[in-house]
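Heads up, the thing below is written out as structure tokens.
Starting from 1, each residue takes its place in the sequence as its number. Note that ligands are numbered from 1 as they come in the structure, with each ligand's atoms numbered from 1 the same way.
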Amino acid sequence: MNSPSDTLDLQFYLRERKILVEQALINQLDACGRWQESRLQQAMHYSLMAGGKRLRPILLLACCEAVGGETVRALPFACALECIHTYSLIHDDLPAMDNDDLRRGQPTCHRQFDEGTAILAGDALLTWAFELAAQSLPGLPGELQLTLLRQLAQAAGQHGMVGGQMLDLLAEGQTLSLAEMQNIHVRKTGALLRISCLIGASLGGGSPQQIKQLTRYGEAFGLAFQITDDILDETGDPALMGKSPGSDRKKAKSTYPVILGLPQAREEARIWVEEAENALKDLSETSQPLRLLARHLLSRTS
Ligand code: GRG
């Protein structure tokens with residue numbers, strides 16, 4: 001159980017990290033030139049800066065620091081992950097996918113601009129992410145530079161997030177087994193969370209064993225995150241979530257609460273949080289934010 005002081009520290013940590021990431025994103029946008037004059041860049045800026053927890057960059061930085069690495073090197077790669085995540089949300093909200101009006105408490109990108117602009121803003125964020133990621137690489141061994149970019153592409157693409165989204169589309173209206181649903185989530189949501197941890201640990205100069213442990217943490221965190229996301233969709237406060245709850249049930253999606261029932265879904269989340277905590281066992285005090293972050297999933301409200 002986390003004590004009130006742990007919670008307080010984590011809230012402070014998350015706030016401070018969010019500010020760090022958002023400032024880095026603003027700096028990167030500004031470095032692109034006069035974005036106010038380009039409709040494409042306005043749309044990218046709109047969605048990127050519309051809020052969000054910045055969980056993937058925060059995980060990347062925390063894993064980098066857990067193995068003694070420097071935040072400064074990792075920051076551009078952390079921004080890259082937020083760009084890929086934001087692109088996925090823009091495309092997921094489109095009429096051809098979830099057809100949502102609200103994201104992060106604001107009109108979705110295609111509602112604020114138009115469908116074509118939203119598609120292109122997503123495309124541009126995805127490709128820009130690789131430019132940003134490359135900024136973290138100078139000075140690392142050449143082989144490692146290529147490996148990190150390949151791992152990012154794999155997590156985002158057909159075998160990772162995009163592949164998971166395809167399976168999710170195909171599964172609409174069908175009753176899935178727990179294993180089938182888990183397979184979708186491991187790719188759709190889990191792949192980016194996992195790679196955030198793996199890349200953070202690699203950029204930080206972690207040993208093969210430390211990288212393995214933090215990757216395992218990311219996998220378990222990803223599942224716990226998805227289960228708690230499904231639970232929030234049933235029980236959450238729309239004002240805190242920035243979107244309407246109940247959307248999964250309306251779309252007849254298989255979710256953890258639908259398949260397992262709410263109490264068992266909560267138990268499943270607890271099991272994966274423990275798994276994430278266990279993965280950190282041999283890591284030093286520097287992994288404390290990761291430990292608290294995993295536990296925090298069980299009481300998240302957004
Ligand atoms: C369209 C290629 C493509 C992929 C979309 C990730 C995804 C795949 C769709 C998002 C749909 C969704 C709501 C999935 C549930 C888990 C999830 C990714 C929630 C949103 O992530 P948060 O909570 O969002 O980290 P914020 O706004 O805090 O960044």
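Ion pairing between R300 and D229 holds under the 4.0 Å rule for side-chain N and carboxylate O. Contact check on R111 versus D93 returns no salt bridge, with no Lys/Arg side-chain nitrogen under 4.0 Å from an Asp/Glu carboxylate oxygen.
Relative to atom 15 (C) of ligand 1, the option among D229, I90, D98 with the closest non-hydrogen atom is D229.
Heavy-atom separations between R56 and ligand 1 include at least one value shorter than 4.0 Å.
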Taking distance alone, no hydrogens or angles, what donor-acceptor pairs closer than 3.5 Å link side-chain atoms of residues 64-73 to residues at least two apart or in another chain?
| unit_1 | atom_1 | unit_2 | atom_2 | d |
| --- | --- | --- | --- | --- |
| E65 | OE1 | R17 | NH1 | 3.2 |
| E65 | OE2 | R17 | NH1 | 3.2 |
| E65 | OE2 | R17 | NH2 | 3.2 |
| E65 | OE2 | T71 | OG1 | 2.4 |
| R73 | NH1 | S136 | O | 2.7 |
| R73 | NH1 | P138 | O | 3.0 |
| R73 | NH2 | P138 | O | 3.1 |

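Contact annotation: for L192 versus ligand 1, there are no heavy atoms closer than 4.0 Å.
Polar contact with ligand 1: absent for Q226 (N/O pair, distance under 3.5 Å). Considering both main-chain and side-chain atoms, S88 never comes within under 3.5 Å of ligand 1 through any nitrogen or oxygen pair.
If you number the atoms of ligand 1 from 1 as listed, the ones under 4.0 Å from a heavy atom of R104 come out as 26 (P), 27 (O), 29 (O). Close contacts between ligand 1 and L89 involve ligand atoms 10 (C) [criterion: under 4.0 Å to a heavy atom].
The distance from atom OH of Y13 to atom CD1 of I58, rounded to the nearest 0.5 Å, is 7.0 Å.
Contact record, V273 with A294: CG2-O, 3.4 Å, taken as the closest heavy-atom pair.
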